[in-house]
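One structure below.
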Amino acid sequence: MAAFSFHHGGMSVPSLEDAIDWYGRVLGFEVEKRFYIAPAKAHAAMVRKGPLRFELFEVEGAAPLPEERRFPPSDLKTHGNKHVAFRVVDLEEFLVEMEGKAVDVAFVVREAFGKGCFIRDCAGNLIEFVEEPDA
């Protein structure tokens, strides 16, 4: 089998500048490069935090994120990509930090099988954070 590794996740956003600001201010990502994808009429940026990357797209004439895609349980009822997930050491500490940054917390899970949360970026896209203390 061919060898491969994860490279990046992608998010379509209504404003590339607002998204670059949000991902930097809230999660600590920095712009790695900017580019234009002519066939998609998309201004794009690759943002990076250590080995993690997000490709952000501002596409001419793009439709807004549907309301049902903004809440994890209802989003699962639509086929397709759902979200990316990152590990945090302490979920409660992470939630306090997000609250301090006025981040939109969409959903929190504190169950026997695990703890985690979903936040919404500045465009309403869901991003998951999970606590795995034994990892």
Side-chain angles (χ1 to χ4, degrees):
M1 178 173 286
F4 59 89
S5 62
F6 185 78
H7 188 268
H8 70 271
M11 298 286 189
S12 180
V13 296
S15 167
L16 185 59
E17 295 308 317
D18 288 350
I20 288 171
D21 174 68
W22 189 92
Y23 279 87
R25 183 175 39 79
V26 173
L27 298 176
F29 283 83
E30 297 179 352
V31 174
E32 182 176 49
K33 63 182 173 180
R34 290 172 177 255
F35 47 98
Y36 183 72
I37 305 168
K41 297 181 182 176
H43 291 275
M46 188 68 73
V47 295
R48 185 175 189 158
K49 180 177 181 176
L52 304 174
R53 287 186 180 99
F54 265 114
E55 190 172 13
L56 304 171
F57 305 94
E58 180 182 334
V59 180
E60 184 181 313
L65 186 68
E67 197 58 39
E68 67 272 8
R69 298 288 321 268
R70 295 172 183 263
F71 187 61
S74 61
D75 184 39
L76 292 175
K77 295 178 181 179
T78 301
H79 294 163
N81 291 332
K82 299 293 102 191
H83 59 269
V84 294
F86 300 114
R87 182 179 308 138
V88 293
V89 174
D90 184 314
L91 179 68
E92 304 309 325
E93 183 178 294
F94 178 78
L95 287 168
V96 167
E97 180 182 346
M98 293 300 101
E99 181 180 307
K101 294 178 178 181
V103 170
D104 184 8
V105 177
F107 194 70
V108 178
V109 174
R110 294 178 182 97
E111 299 289 343
F113 61 80
K115 293 179 6 176
C117 72
F118 287 84
I119 65 172
R120 294 183 185 99
D121 73 4
C122 57
N125 294 307
L126 295 169
I127 306 168
E128 183 179 17
F129 292 84
V130 295
E131 178 182 319
E132 284 190 300
D134 298 329

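We're numbering straight along the sequence, starting at 1.
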Would you confirm whether [X], through its side chain, and [Y], through its main-chain N or O, come within 3.5 Å as a donor-acceptor pair?
X: Arg87; Y: Val89; value: no
X: Glu32; Y: Met46; value: no
X: Asn125; Y: Ser12; value: yes

Margin query: Looking at Glu93 and Lys115, is any side-chain nitrogen of the basic one under 4.0 Å from a carboxylate oxygen of the acidic one?
Written below: no
Rounded to the nearest 0.5 Å, how far does [atom2] of [Y] lie from [atom1] of [X]?
X: Arg120; Y: His83; atom1: CZ; atom2: NE2; value: 13.5 Å
X: Phe29; Y: Lys49; atom1: CZ; atom2: NZ; value: 6.5 Å
X: Asp121; Y: Tyr23; atom1: CG; atom2: OH; value: 3.5 Å
X: Ile127; Y: Ile119; atom1: CD1; atom2: CD1; value: 5.0 Å
X: Met11; Y: Leu16; atom1: CE; atom2: CG; value: 14.0 Å

Next item on the list: Tell me, with the steps shown, if Leu126 and Phe107 meet side chain to side chain contact (heavy atoms under 4.5 Å, CB included).
Entry: CA-CA 10 Å; Leu126 295 169; Phe107 194 70; over 6 Å; no
Margin query: Checking Glu92 now: which residues fulfil side-chain hydrogen bond (donor to acceptor under 3.5 Å, both in side chains) with it, not counting sequence neighbours?
Written below: Arg110
Checklist line | With Asp21 via side-chain hydrogen bond (donor to acceptor under 3.5 Å, both in side chains) - residues at least two apart | finding: Arg25
Check: Are Trp22 and Val105 co-members of a hydrophobic cluster defined by side-chain heavy atoms under 4.5 Å apart?
Finding: yes
Next item on the list: Start with the C-alpha gap between Val47 and Leu27, add the side-chain angles, then the distance that decides, and say whether side chain to side chain contact (heavy atoms under 4.5 Å, CB included) holds.
Entry: CA-CA 11 Å; Val47 295; Leu27 298 176; over 6 Å; no
Check: How close do Arg69 and Asn81 get, heavy atom to heavy atom, and via which atoms?
Finding: NH2-O, 2.9 Å
Notebook entry, point to check: Under 30°, 30 to 60°, or over 60°: which ring-plane class applies to Tyr36 and His43, parallel, tilted or perpendicular?
Noted result: tilted
Note to self: If you apply the rule side chain to side chain contact (heavy atoms under 4.5 Å, CB included), what do you find for Phe118 with Val109, and how did you get there?
What the structure shows: CA-CA 9 Å; Phe118 287 84; Val109 174; 5.6 Å; no
Check: Which residue pairs satisfy the side-chain hydrogen bond (donor to acceptor under 3.5 Å, both in side chains) criterion with at least one member in residues 57-68, sequence neighbours excluded?
Finding: none
Margin query: Show, in sequence, the C-alpha distance, side-chain angles and deciding distance for Val103 and Glu97, and conclude whether the side chain to side chain contact (heavy atoms under 4.5 Å, CB included) test is met.
Written below: CA-CA 9 Å; Val103 170; Glu97 180 182 346; over 6 Å; no
Notebook entry, point to check: NZ of Lys82: more than 12 outside heavy atoms within 6.0 angstrom?
Noted result: yes
